[in-house]
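Heads up: the structure comes next, in structure tokens.
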Protein chains: 4
Amino acid sequence: MQEQPFHETMTKTEQTAPSPFRSRGTSSKYERILQSAGQLFLQQGYERTSMSQIAHLAGVSKGSLYNHFENKAGLFTAFFEERSRTRLNTLKSVSQAPQPDLRTALRQASATIITLMIDPEAIGLYRIVVAEANEFPNLADTLWHYGVSRTLTGLAEWFAEKHAAGQLVIEDSDLAAEQFLTMSQTRIIHRTRLSLPVDTSPASIDEVASMVADSFLRMYAP
Amino acid sequence: MQEQPFHETMTKTEQTAPSPFRSRGTSSKYERILQSAGQLFLQQGYERTSMSQIAHLAGVSKGSLYNHFENKAGLFTAFFEERSRTRLNTLKSVSQAPQPDLRTALRQASATIITLMIDPEAIGLYRIVVAEANEFPNLADTLWHYGVSRTLTGLAEWFAEKHAAGQLVIEDSDLAAEQFLTMSQTRIIHRTRLSLPVDTSPASIDEVASMVADSFLRMYAP
Amino acid sequence: MQEQPFHETMTKTEQTAPSPFRSRGTSSKYERILQSAGQLFLQQGYERTSMSQIAHLAGVSKGSLYNHFENKAGLFTAFFEERSRTRLNTLKSVSQAPQPDLRTALRQASATIITLMIDPEAIGLYRIVVAEANEFPNLADTLWHYGVSRTLTGLAEWFAEKHAAGQLVIEDSDLAAEQFLTMSQTRIIHRTRLSLPVDTSPASIDEVASMVADSFLRMYAP
Amino acid sequence: MQEQPFHETMTKTEQTAPSPFRSRGTSSKYERILQSAGQLFLQQGYERTSMSQIAHLAGVSKGSLYNHFENKAGLFTAFFEERSRTRLNTLKSVSQAPQPDLRTALRQASATIITLMIDPEAIGLYRIVVAEANEFPNLADTLWHYGVSRTLTGLAEWFAEKHAAGQLVIEDSDLAAEQFLTMSQTRIIHRTRLSLPVDTSPASIDEVASMVADSFLRMYAP
DNA sequence: CATGAATGAGAATTCATTCAT
DNA sequence: AATGAATGAATTCTCATTCAT
């Protein structure tokens with residue numbers, strides 16, 4: 001792959017050493033709790049996860065949970081915040097490198113979006129937001145902030161550049177970004193969110209991505 | 001509105017009079033339970049809703065619940081099935097009446113889709129499917145069957161006709177239908193599902209619908 | 001087998017037609033209930049058996065149970081009475097036929113007692129009496145009346161004859177009968193009542209019976 | 001009573017002071033629960049005893065029961081094990097002291113067996129085993145292990161000594177022990193297990209014990 | 001900070017019994 | 001007689017949270 005038309009920021013390492021002085025030899029108790037809570041919340045949802053389960057999985061006592069977090073809801077929102085911040089990889093920016101092939105760049109951008117959004121972590125966080133929308137309305141803001149807005153901004157900037165360069169004719173680059181993101185959700189992302197059977201192979205992803213690129217070009221090519 | 005380019009089947013009245021001789025207060029206990037369960041499940045989700053709450057709201061004893069449904073899961077799936085069947089209005093078909101203005105027809109179809117899919121009932125059912133995807137995998141099939149597939153089929157048939165008539169150039173009408181449906185979810189539906197603030201006024205809906213129609217025409221106009 | 005030193009009264013057929021005018025074509029509802037209740041009470045005990053289970057197994061409605069029996073306790077005692085009366089086979093009498101071999105007669109009597117008392121029906125009824133001794137004190141009387149006293153009387157009469165004939169020296173024939181019955185319970189009956197693993201083959205039964213006969217002869221032979 | 005031909009191990013005191021520094025009101029919660037559960041299980045049986053009753057009698061909350069025992073069945077088996085171990089007094093050994101009178105020794109051994117086996121604790125445990133044989137098959141093993149086998153072994157050893165000393169002619173001392181134990185159950189034990197009215201006075205016990213001794217001597221005297 | 005026993009409210013479910021049809 | 005829906009009390013068990021150690 002000779003060109004890299006987009007740049008995905010890897011943030012997974014961010015959470016590796018948040019409190020260097022805490023843990024004895026491994027990770028601090030705070031982190032172990034957060035990690036275990038996350039695993040369970042993502043698998044089972046909020047209500048089905050008990051504080052006992054979390055304590056057990058983290059290898060700490062139930063009481064310790066309340067030394068670090070005010071209550072179950074506090075632990076839950078802390079988990080969600082932290083996961084959204086550190087694990088929600090996004091298409092933050094598209095490289096300004098000279099691109100011989102705009103269609104390929106679009107296709108790869110779409111494929112990246114699809115791949116990122118069907119990551120189990122992302123799907124799980126999406127599910128939690130939808131499931132707990134009534135009880136925890138702030139979750140959606142967090143998800144949007146860390147997960148969507150950066151992707152949209154990155155796309156919009158890139159589209160604006162292409163417009164300026166005359167390669168695309170886009171008046172409202174924010175709208176175009178939203179359309180591009182929405183179209184990328186066709187079939188694979190949508191069905192994955194519903195746990196419906198769907199082919200998520202790279203070939204299948206590329207097929208959808210190609211369709212998105214073609215459609216987008218037909219919509220915005222000069 | 002001089003033309004009616006689509007036909008939405010209204011099924012909401014179907015459940016209005018299930019037992020014509022029973023007053024509202026004495027409608028069959030089965031239905032009262034199902035109705036109350038639905039209200040609570042949609043508001044609170046599966047786990048947060050207790051059988052006691054349902055019995056209380058339905059005005060029956062807790063034991064009665066188990067005379068009509070095997071257990072909580074059985075009541076839940078029965079509710080979901082019934083609601084999906086009777087309350088999930090869909091864009092089933094688009095009228096074959098001569099259409100002077102294709103763009104208007106597309107715009108109205110999109111607006112209808114948006115309106116139907118941000119209906120609280122539809123949003124609630126979607127949330128439940130996503131939230132309970134692990135515990136109740138069949139829900140998604142039910143939602144797809146009653147909610148999505150008919151819309152897709154209706155759109156695909158309509159597009160095939162337009163292709164035959166030379167008004168559009170569409171090779172894969174199923175794909176086109178999926179694209180049209182996905183694009184219609186831009187902004188309003190997506191944000192509504194996450195309970196994010198969003199303008200759902202008719203004007204706002206029409207704005208998105210117009211954008212969808214324009215984009216679609218640019219993609220498929222001859 | 002040239003001699004029949006004892007006579008076991010088969011009473012299993014007694015319950016075949018207790019109410020000839022009741023049933024439509026098969027057995028009457030009353031009998032079906034009693035039969036089903038018995039099956040379940042014997043298998044599961046009183047508390048673990050529900051009226052619903054009985055109604056279901058009998059193929060009648062729950063309400064019907066209360067048309068024929070006052071309540072669960074009434075059905076239970078009716079079942080126990082009927083089963084004890086009709087299914088508790090006992091060694092009622094020992095034949096007066098000339099007996100060339102007293103030891104063989106004793107051995108066969110003991111073997112018969114063992115066989116009768118490890119019958120699942122008898123074991124089940126014994127268990128029920130022991131289990132429900134506090135709640136239903138009358139059960140023991142019923143069991144004793146139909147199950148034990150006739151055996152004891154039969155044995156005592158036989159022993160008295162043998163004493164009169166000079167074949168045995170028995171002053172208290174009632175006590176001797178009780179001893180004979182108690183000794184016959186060695187190992188097999190006792191362990192069967194506790195559901196402990198035990199060999200109940202005819203050979204094993206005969207082994208114990210032989211031991212009983214030998215011991216009894218050493219105790220009472222002239 | 002000049003001679004002590006048998007030795008009964010008294011274990012009742014073992015559980016009297018499990019936690020020497022705790023007053024009766026603050027004896028360990030685990031023990032209070034076990035004690036209360038035992039009282040109720042023995043009186044009412046497994047099914048009729050509720051966890052609420054146990055909690056109430058023990059003076060603890062319902063939830064506390066589950067901090068110490070996995071569930072009702074776990075509490076039940078724990079109770080049975082503990083009671084069988086600590087409360088099931090047995091005729092473990094018969095003293096080797098020179099015995100001027102073998103018949104008296106036999107009589108006292110039998111009387112001891114009868115007395116031990118009609119102890120309310122022993123009767124209750126026997127009832128529970130019989131009642132719950134299907135649901136809790138392991139109970140019988142426990143009862144046999146702590147209650148019967150030691151008595152049988154003690155008797156068999158004693159009989160073997162008497163055989164070696166020429167006082168009895170016993171080829172199979174294990175069988176003889178089983179016979180002696182079975183014969184001792186004549187009348188009193190058997191009827192007590194069924195809650196049938198029976199004279200359990202020392203005089204009555206001695207009467208049966210004398211009969212057992214006499215019969216045993218007639219069977220095995222040289 | 002860490003622990004885990006203790007709590008009491010509430011969860012789902014069962015059950016004997018009644019009663020209108 | 002027969003039915004089976006309705007009832008409400010009771011059952012087992014879970015859970016978030018507290019607090020003495």
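Numbers restart at 1 for each chain; the letters A, B, ... are given by sequence-line order, proteins then strands.
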- Backbone N/O of C:Leu40 and side chain of C:Thr49: donor-acceptor pair under 3.5 Å: yes
- Message: If I take atom NE2 in residue D:His56 and atom P in nucleotide F:dT11, what distance separates them, rounded to the nearest angstrom?
- Response: 13 Å
- Length of the CG-P vector between A:Leu65 and F:dC15, whole Å: 14 Å
- Task: Report the stems of DNA chain F as range-with-range entries sorted by first number; a stem here is at least three consecutive pairs, Watson-Crick or G-U wobble, both distances under 3.5 Å, and write none if there are none.
- Result: E:2-21 with F:2-21
- Item | Nucleic acid footprint by protein, nucleotides 13-21 of chain E - heavy-atom cut-off 4.0 Å, B for base, S for sugar-phosphate alone | BBSSBB---
- Message: From CG of D:Asn67 over to P of F:dT14, roughly how many Å is that when rounded to an integer?
- Response: 11 Å
- Note on the structure: Residues passing the side chain to side chain contact (heavy atoms under 4.5 Å, CB included) test with C:Asn138, sequence neighbours excluded, are C:Asp141
- Message: So if I take every side-chain heavy atom of D:Ser64 and compare against F:dT7, F:dA1, E:dA6, which nucleotide ends up nearest?
- Response: E:dA6
- Item | Minimum heavy-atom distance D:Leu42-D:Gly124, with the two atoms named | CD2-C, 3.5 Å
- Task: Identify, with sequence neighbours excluded, every residue that meets side chain to side chain contact (heavy atoms under 4.5 Å, CB included) alongside A:Thr77.
- Result: A:Phe136, A:Leu139
Output a table of donor-acceptor pairs, distance under 3.5 Å, between side-chain atoms of residues 126-133 of chain C and any protein atom two or more places apart or on a different chain; print 'none' if there are none.
| residue | atom | partner | partner atom | Å |
| --- | --- | --- | --- | --- |
| C:Tyr126 | OH | D:Tyr126 | OH | 2.9 |
| C:Arg127 | NE | C:Arg193 | O | 3.4 |
| C:Arg127 | NH2 | C:Ser195 | OG | 2.5 |
| C:Glu132 | OE1 | D:Arg48 | NH2 | 2.0 |
| C:Glu132 | OE2 | D:Arg48 | NH2 | 3.3 |

- Item | side chain to side chain contact (heavy atoms under 4.5 Å, CB included) partners for A:Tyr66, two or more places apart | A:Met51, A:Asn71
- Task: Sticking with atom C1', work out how far E:dC1 lies from F:dT21, rounded to a whole angstrom.
- Result: 13 Å
- Item | Sequence neighbours excluded - side-chain hydrogen bond (donor to acceptor under 3.5 Å, both in side chains) pairs with any residue from residues 50-61 of chain B | B:Gln44-B:Gln53, B:Ser61-B:Ser64
- Query: Which residue pairs pass the salt bridge (Lys or Arg N to Asp or Glu O under 4.0 Å) test with at least one member in residues 49-67 of chain C, sequence neighbours excluded?
  - Reply: none
- Rounded distance (Å) that lies between atom C1' of F:dT14 and atom CD1 of A:Ile54: 15 Å
- Out of F:dA2, E:dT7, F:dT7, which nucleotide sits closest to the side chain of C:Lys29? F:dA2
- Query: Would one find a side-chain N or O of A:His68 under 4.0 angstrom from OP1 or OP2 of E:dA2?
  - Reply: yes
- Starting from P on F:dA16, measure out to CZ on A:Phe76 and report it in whole angstrom. 13 Å
- Who pairs with C:Gln39 by side-chain hydrogen bond (donor to acceptor under 3.5 Å, both in side chains), at least two apart in sequence or on another chain? none
